[in-house]
Number of protein chains: 4
Amino acid sequence: MSKQELNLKELFIQEDGLTEKQKNILAAATEAFAEKGFAATSTSEIAKKAGVAEGTIFRHYKTKKDLLLSIVSPMMVKLMAPIIMKDLNKVLDHRYEKFEDFLRAMLENRAKFLQENLPIIRILIQEIPFHAELKEQFIEHIGIRVLTRFKEIIEYYQAKEQIIDLPSETVIRLTASTALGLFATKYVIAPEDGWDECVEVERTIQFLMCGLSPR
Amino acid sequence: MSKQELNLKELFIQEDGLTEKQKNILAAATEAFAEKGFAATSTSEIAKKAGVAEGTIFRHYKTKKDLLLSIVSPMMVKLMAPIIMKDLNKVLDHRYEKFEDFLRAMLENRAKFLQENLPIIRILIQEIPFHAELKEQFIEHIGIRVLTRFKEIIEYYQAKEQIIDLPSETVIRLTASTALGLFATKYVIAPEDGWDECVEVERTIQFLMCGLSPR
Amino acid sequence: MSKQELNLKELFIQEDGLTEKQKNILAAATEAFAEKGFAATSTSEIAKKAGVAEGTIFRHYKTKKDLLLSIVSPMMVKLMAPIIMKDLNKVLDHRYEKFEDFLRAMLENRAKFLQENLPIIRILIQEIPFHAELKEQFIEHIGIRVLTRFKEIIEYYQAKEQIIDLPSETVIRLTASTALGLFATKYVIAPEDGWDECVEVERTIQFLMCGLSPR
Amino acid sequence: MSKQELNLKELFIQEDGLTEKQKNILAAATEAFAEKGFAATSTSEIAKKAGVAEGTIFRHYKTKKDLLLSIVSPMMVKLMAPIIMKDLNKVLDHRYEKFEDFLRAMLENRAKFLQENLPIIRILIQEIPFHAELKEQFIEHIGIRVLTRFKEIIEYYQAKEQIIDLPSETVIRLTASTALGLFATKYVIAPEDGWDECVEVERTIQFLMCGLSPR
DNA sequence: CATGAATGAGTCTTCATTCAT
DNA sequence: CATGAATGAAGACTCATTCAT
């Protein structure tokens, strides 16, 4: 069993009511889906990787798609949204006086979340275009709820005249693009050359602060 | 035949040395791959959609993967890289005195390119993680060549002290993230609510100009 | 189910660890291969004849060629070589004083073996030219081992001055040709007219005895 | 074009009324059939090897099987039988006084014939079991006619009391087996070790002379 | 005549899923 | 609960053959 696999198993270990075999299946499926894509992964492959019989998969997950949803949905429903909410509360409770501090805290926090859930997020991003349920769930759990939350925050800092008075959607778009670009560079492109995370994060924050400063 | 299909056929009509059937196949495959993904699309499906026998596909494209590469490779090799190069030359030849003008021109030009090649670019983005050849081609044709060109341009404007003196890679990252975020919002997220393209483009440019202005 | 098929099934019934379906598959494949040749037999045909789903064949035999080897290899590895060895020991242990007695015993024994394994031997003979693995196995199991054994026997009778003092390879060639010609006539050519086996065997033995008598 | 191929083309060059392309097709098909078997050879393969378009094959030979028969039938109808007859006449005209001389002449003559037509004879042997037409033709052209001729000859020498007074069929069987075994050893088995043709031929003749001598 | 694009039935093989053990 | 043999529909791909050029 590879190191990667072990990490994946740990991801599902906190889940309750899951037998050892179920965790194995989820871990194996996650690894395979992330690597080859949902459609190109066979259930027999997952079974072999998980060390269970093919039938066992279907005892726990009615269909292959069910298995996908069982991996990806909780990530949105149970993990992502609540964590975000909780974190956001923390963020606000701390009452970061400056938008810059809020930004720095968020970036750090999301970076950690990403790091820990990379394979599942990969699957989510790759499969969303092909599965209507996923798209709906995403819009419901992430889209609407998270967006609403962010709007409040943006408006909070706009009221304090720390950031430019554009529509909050636009501010979120610009901020999110910049942040996602940072993470994408780190995980998709960077590996090769010298990537100094801290420095790049700081540059990104300064860029955002300047770009969003009130005119 | 749907309107979408007709548009796709037009995309391949300019290609020379392709029979009518080949163009049908490419259009059908492009539509299907973009819609369901490469792995989830069957060759029989493509054949039906293209109005040809399944065998006909394999007369022209040795394997299903060959068909994918025949759609996506020219997009990189023949279309993307050269167009970018040519456009960039135009950009520089025009000697946009201000970085802002360059930015505006680029954004407009790329938006048009995207619009015209959306389905193929979709496929490219979705399939790159699963096909080593695509990744290699992308790095070779887009990654290295385009990046090099952009570096020169960034350094040109840095020398003119119009933009901040960060490493050109960082400037490119920030600019590209913001631009891609703009396009992504337009194509993936926006459709629903009122999206005023011109305004958003202008806001994005202002954001970039401020974010990248020399301190 | 034809009588032939039943006979074939009996051939595989002694094999252990084979399910009923596997035996059906082997019997059906043997019959089909013998009748139409390996390349001209389709797996769907075998499945139908065996009364199983096509997928079932591939659960037990990874490829069609695997199925061929599973029929033909054991015939060489497990059956032919050992039986020959055992029989030859019996032959020598009986210490047939006269070469003629040895010849008669061998002919009778091999005739029985042939009779029982005719279809598989047909396949073996027909497919050997097209499958390198078969050729190699044949050389290893039959060619070298059997030939070595025969040489010893020939030399034994040469030492006793019962047969002519030619190179043992030549004696084996002449004897084998004559024996195989006998069997070939029986199975390939004869069926039609009156074929008195006993008489022909005796004539063949007399022919060999005279042909190989010391000058 | 390989040396083998050139030889094969020469084989068909004497045929009249055949265009260059037809000869190419026959040569290519002969080589391919002999190498991989009829069923495992595709017409496209033959077309490529012959340097013609696929359609060209079907212009000259209605079906693939037709092509097989066009290669193999003349070998029996035009070449084999007549040659045998003519040769046999020569043999008898020479009035070989001794059976031994006849045997030696025949062996030499057939060896040459085999040598020159090896690939086609290979195909004939391999495909006869699977094609009823071939079997019929063989029986008609070779079986009956040749057998009848040989019978006369055997009886001729029996009358002269040079060979044993067994049924002529039996004498032919014994002689043919021995001769075929000689050729088989030469072409199928021998290549490896030192095979002294002349010596082996002589030994074979002596073996036959002794085996068939009147008691 | 020769071509080679087109065909669609057919090939081997894989798949998700079921069910008796 | 877990298993893995069994399934048959579907997958990618090949084939012999046809026909317009």
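Sequence lines set the chain letters: A, B, ... in the order given, protein chains first and strands last, and positions in each chain run from 1.
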Could you list all N or O pairs between the protein and nucleotides 17-21 of chain E that sit under 3.5 Å apart?
unit_1	atom_1	unit_2	atom_2	d
dT17(E)	OP2	Lys64(A)	N	2.7

Original post:
Taking only residues two or more places apart in sequence, or in another chain, which ones meet Tyr61(A) in a side-chain contact (heavy atoms from CB on, under 4.5 Å)?
Top reply: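 Result, side-chain contact (heavy atoms from CB on, under 4.5 Å) vs Tyr61(A): Gln22(A), Ile25(A), Leu26(A), Asp66(A), Leu67(A), Ser70(A).
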
Subject >> With sequence neighbours excluded, residues passing side-chain contact (heavy atoms from CB on, under 4.5 Å) with Ile125(C) >> reply: Ile121(C)

Specify the separation, in whole Å, of atom [atom1] of [X] and atom [atom2] of [N].
X	N	atom1	atom2	result
Phe33(D)	dA16(F)	CZ	P	9 Å
Ile46(D)	dT3(E)	CD1	P	15 Å
Ile57(D)	dC1(E)	CD1	C1'	15 Å
Lys36(C)	dG10(E)	NZ	P	12 Å
Leu18(B)	dA5(E)	CG	C1'	14 Å
Lys21(B)	dG8(E)	NZ	C1'	13 Å
Leu68(C)	dC12(E)	CG	C1'	15 Å
Asn24(B)	dT7(E)	CG	C1'	16 Å

**OP:** Report the stems of DNA chain E as range-with-range entries sorted by first number; a stem here is at least three consecutive pairs, Watson-Crick or G-U wobble, both distances under 3.5 Å, and write none if there are none.
**Re:**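 The stems are E:2-21 with F:2-21.
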
Original post:
Going by the salt bridge (Lys or Arg N to Asp or Glu O under 4.0 Å) test, which pairs reach into residues 33-46 of chain A, not counting sequence neighbours?
Top reply: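 For residues 33-46 of chain A, and leaving out neighbouring residues, the salt bridge (Lys or Arg N to Asp or Glu O under 4.0 Å) pairs sorted by first residue read Lys36(A)-Glu45(A).
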
Subject >> Phosphate OP1/OP2 of dT14(E): any Ser42(A) side-chain N/O under 4.0 Å >> reply: no

Original post:
Given dA6(F), is OP1 or OP2 found less than 4.0 Å from the side-chain N or O atoms of His60(C)?
Top reply: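 Indeed, a polar side-chain atom of His60(C) lies that close.
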
Under the side chain to side chain donor-acceptor pair (under 3.5 Å) test, residues paired with [X] that sit two or more places apart:
X	value
Thr63(C)	none
Thr19(A)	none
Glu54(C)	Thr43(C)
Lys65(B)	His131(B), Glu133(B)

**OP:** First locate atom CD of Gln126(C), then atom CD1 of Ile123(C), and finally report the distance between them rounded to the nearest 0.5 Å.
**Re:** 8.0 Å

Subject >> Separation of Glu127(D) CD from Ile71(D) CD1 (nearest 0.5 Å) >> reply: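 With rounding to 0.5 Å, CD1 (Ile71(D)) is 10.5 Å from CD (Glu127(D)).
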
Original post:
Taking the nucleotide of DNA chain F with the closest heavy atom to each, which residue, Val52(A) or Phe38(B), is nearer the 5' end?
Top reply: Val52(A)

Original post:
What nucleotide among dT3(F), dT7(E), dA2(E) has an atom nearest to a side-chain atom of Thr56(A)?
Top reply: dT3(F)

